[in-house]
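I have placed the structure first, in the form of structure tokens, so that the comments after it can refer back to it.
All heavy atoms count here, side chains included; hydrogens, waters and symmetry mates do not. Residue numbers begin at 1 in each chain, while the letters A, B, ... track the order of the sequences.
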Number of protein chains: 2
Amino acid sequence: MPRSETGSRDVTVGIKEVAQQAGVSPGTVSNVLNRPERVAPETRARVQRVIKELGFVRNGSASSLRAGHGRIVGLMLLDLGNPFFAEVARGVEDLMSERDYGVILCGSASQAGREARNMRMLAEQQVRGVLVTPVSDSRGTPALLRERGIPTVLLDHPATRGDQCSVTVDDVTGGWLAVNHLLERGARDIVFLGGPLTIRQNADRRKGALRALREAGAGTLREVIVDEMNSRAGHEAAERLLAELPDAVFCANDLLAMGVLRVFLQQGVRVPGRVLVVGYDDIEYAVASAVPLTSVRQPPYKLGRIAAKLLLDECDNPGEHAHQQIMFQPELIIRESTSR
Amino acid sequence: MPRSETGSRDVTVGIKEVAQQAGVSPGTVSNVLNRPERVAPETRARVQRVIKELGFVRNGSASSLRAGHGRIVGLMLLDLGNPFFAEVARGVEDLMSERDYGVILCGSASQAGREARNMRMLAEQQVRGVLVTPVSDSRGTPALLRERGIPTVLLDHPATRGDQCSVTVDDVTGGWLAVNHLLERGARDIVFLGGPLTIRQNADRRKGALRALREAGAGTLREVIVDEMNSRAGHEAAERLLAELPDAVFCANDLLAMGVLRVFLQQGVRVPGRVLVVGYDDIEYAVASAVPLTSVRQPPYKLGRIAAKLLLDECDNPGEHAHQQIMFQPELIIRESTSR
DNA sequence: GAGATCTATTGACACGTTTCAATCGGACCG
DNA sequence: CGGTCCGATTGAAACGTGTCAATAGATCTC
């Protein structure tokens, strides 16, 4: 076993050892770590050198116990398996990493129970703030944290009142874009395939779809609601659709669409020849799928990154921080699955 | 604003308030939380009722300061954007959530610098243990944590010495399966497209490929090494390949393969007619791609879940825990991209 | 040159929990 | 009935850091 160059560095080296070695008081070491500008340059340099020599690592538990919060934020998403949310997570993680924050990642799997459990866990961890895509409503579990004074930013969910930040994409418009496009392509019997309408994203996309139909004064919307929003669910739903094929299917996300696509192609249902298919999210794989998928594009990485920025702004300037509700506009990416 | 049923519950309710309200000492409350079996059933029930009434949430910072560690583990992966690792993360997260642990997720983006920074952050957070897919070598940064007595399990990377657990998939065999299959299909001029060989997964898959060639006594391996392992990199590599098309391309992951596939199809290079393509990981989208992709399947969710289990076992029974090196065997999934 | 002002540093206390030796009360044994 | 043992509970110390009022030293002002 290699011996450390500093001799027998034992179990823990704390702020006190550093202070002693550098010939200053513990308070000064703490200042070097937290408010370096208040320490004379030479002292600062000396302390930092000792820190490096001794391999000192600050005890985050003690720090956040005393300070009331640490350099950790919580990130709670609906579904870690969905590339859309994976990209959101990447955006958050990148920014937090730059600012030297850690991220506790939780998946709620769209279940209120898991959401509540994880929120409680985050509260226990004294996280500095939380980014959350709520399962149903921002007045539910997320409110629990806000009561405790933990800043919260809603991700992909609008803030109903102006007392918190949110970053969203306009899902009503997204639904409208998709169905309007299908109508233009001549589809009339349209299926909306989505998850539970208690999840806002689904409800809004459906609302946009209905609006498009109303404005056009044509077409009908059949609704197929599934429990989960992965390709397996799309698979199963598509099998039920085979009995009575629609002109088009508008899927509330790309995973569903890819499941649908697969069944249709296997069963010899031509896409786009017989049925048009539109997805949502425009995940990286939509373009590469068997029939390149028309999809409503959202900017997930940017979503995560901006939400993270808002959260840290609220944490760092609690006084002057002005809550913002940011809404991006989605974009329809037209590919082969809806070509004439 | 709704008033709490317990009156004006202020900022923080600590273990002391609970103790007072329940007519016991703080020590007993702590025992209810940590060793309930040592507390008389009636006392326990009373304390738990008060905890619920007061909405008490344990302060994890104080807890882990005193106890030396908290209920958090670190998870460090190469690339959060890769569905393979996303599935690994899901496996870890699910198990940890069941055992009431939190997970701090970090991505190293295959950069040693980011790995080191994040490892330091995890050490600061006093994590209970760490699951890590090291960028290059387990003797690098991960060793830093082990010196501090933090249990570490290697994910998708074998433990060289028997002093820690690891969970891996046999990548040499995986490479062999892929290339052997290509040889059987008649390919001779084969390209290996992968990331830096300093990353073990790439090195092993290449080694397996070479072994297959040697055993067959036929065929040659051209190597194309790219910096990142996403579909963009595959895209760029494929464009360079157009100048001198091989018989087959063995890609070190599916993202690369999908990038390659896209360029080939756009440029009119028939797959599998002119070039065979094999991927690696068998991500969910491989089956749905334009030409369904032959790929080497790994069990990512199981990988994550088992690694998590091993880590907690080491944490909970530090004495009797026996380090294990678990290796799964990969499986070749044959699809259209290599059909005759 | 004496007081005022300012900067750099100090030192002790507090954060909320866990832990452990000490204590208490009751049951059991001879 | 006295002594012993055992389980349940207690109370205070300690974990390592951040904070802040106090201090020391240096510079400036009149």
### Message
Please list, in numerical order, the residues of residues 56-64 of chain B that have a heavy atom closer than 4.0 Å to any atom of DNA chain D.
### Response
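Here the set is empty: none.
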### Query
Under the side-chain hydrogen bond (donor to acceptor under 3.5 Å, both in side chains) rule, what pairs show up with a residue in residues 58-72 of chain A, not counting sequence neighbours?
Asn34(A)-Arg58(A), Ser61(A)-Ser64(B), Ser64(A)-Ser61(B), His69(A)-Arg128(A)
#### Entry: Interface limits on DNA chain D, where chain A has a heavy atom under 4.0 Å of a nucleotide atom
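Using the under 4.0 Å cut-off, the span is dG16(D) to dT19(D).
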### Message
I'd like to know if Arg90(B) and Glu93(B) make a salt bridge, using a cut-off of under 4.0 Å between side-chain N and carboxylate O.
### Response
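Judged by the 4.0 Å cut-off on N to carboxylate O distance, Arg90(B) and Glu93(B) do not form a salt bridge.
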### Query
Taking only side-chain nitrogens and oxygens of Arg35(B), does any of them come within less than 4.0 Å of OP1 or OP2 of dT19(C)?
yes
### Task
With the side chain counted from C-beta on, respond yes when Ile72(A) and Gln126(A) share a heavy-atom pair under 4.5 Å apart, and no when they do not.
no
### Task
Ignoring hydrogens and angles, answer whether the base of dT18(C) and the side-chain atoms of Arg66(B) contain a donor-acceptor pair closer than 3.5 Å.
yes
### Task
Specify the separation, in whole Å, of atom CD of Glu124(A) and atom P of dG16(C).
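Answer to the nearest Å: 15 Å.
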### Query
Per the end-axis method with five pairs at each terminus, what is the bend angle of the helix from dG1(C)-dC30(D) to dG30(C)-dC1(D), to 10°?
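The end axes of the helix from dG1(C)-dC30(D) to dG30(C)-dC1(D) are about 40° apart, to the nearest 10°.
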### Task
Taking salt bridge (charged side-chain N to carboxylate O under 4.0 Å, His left out) as the test, write out the residues that go with Arg49(A), two or more places apart.
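Listed in chain order: Glu53(A).
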### Message
If you compare all heavy atoms of Leu131(A) against all heavy atoms of Leu155(A), which two are closest, and at what distance to 0.1 Å?
### Response
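The pair with the smallest heavy-atom distance is CB-CD1, 4.0 Å.
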### Summary
Expected string for nucleotides 7-12 of chain C under the B/S/- scheme (protein heavy atoms, under 4.0 Å, primed atoms plus P, OP1, OP2 as sugar-phosphate) is -SSB--
### Query
Quick check: does any side chain N or O of Thr152(B) sit under 3.5 Å from a backbone N or O of Ile150(B), one acting as donor and the other as acceptor?
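Confirmed, Thr152(B) side chain pairs with Ile150(B) backbone.
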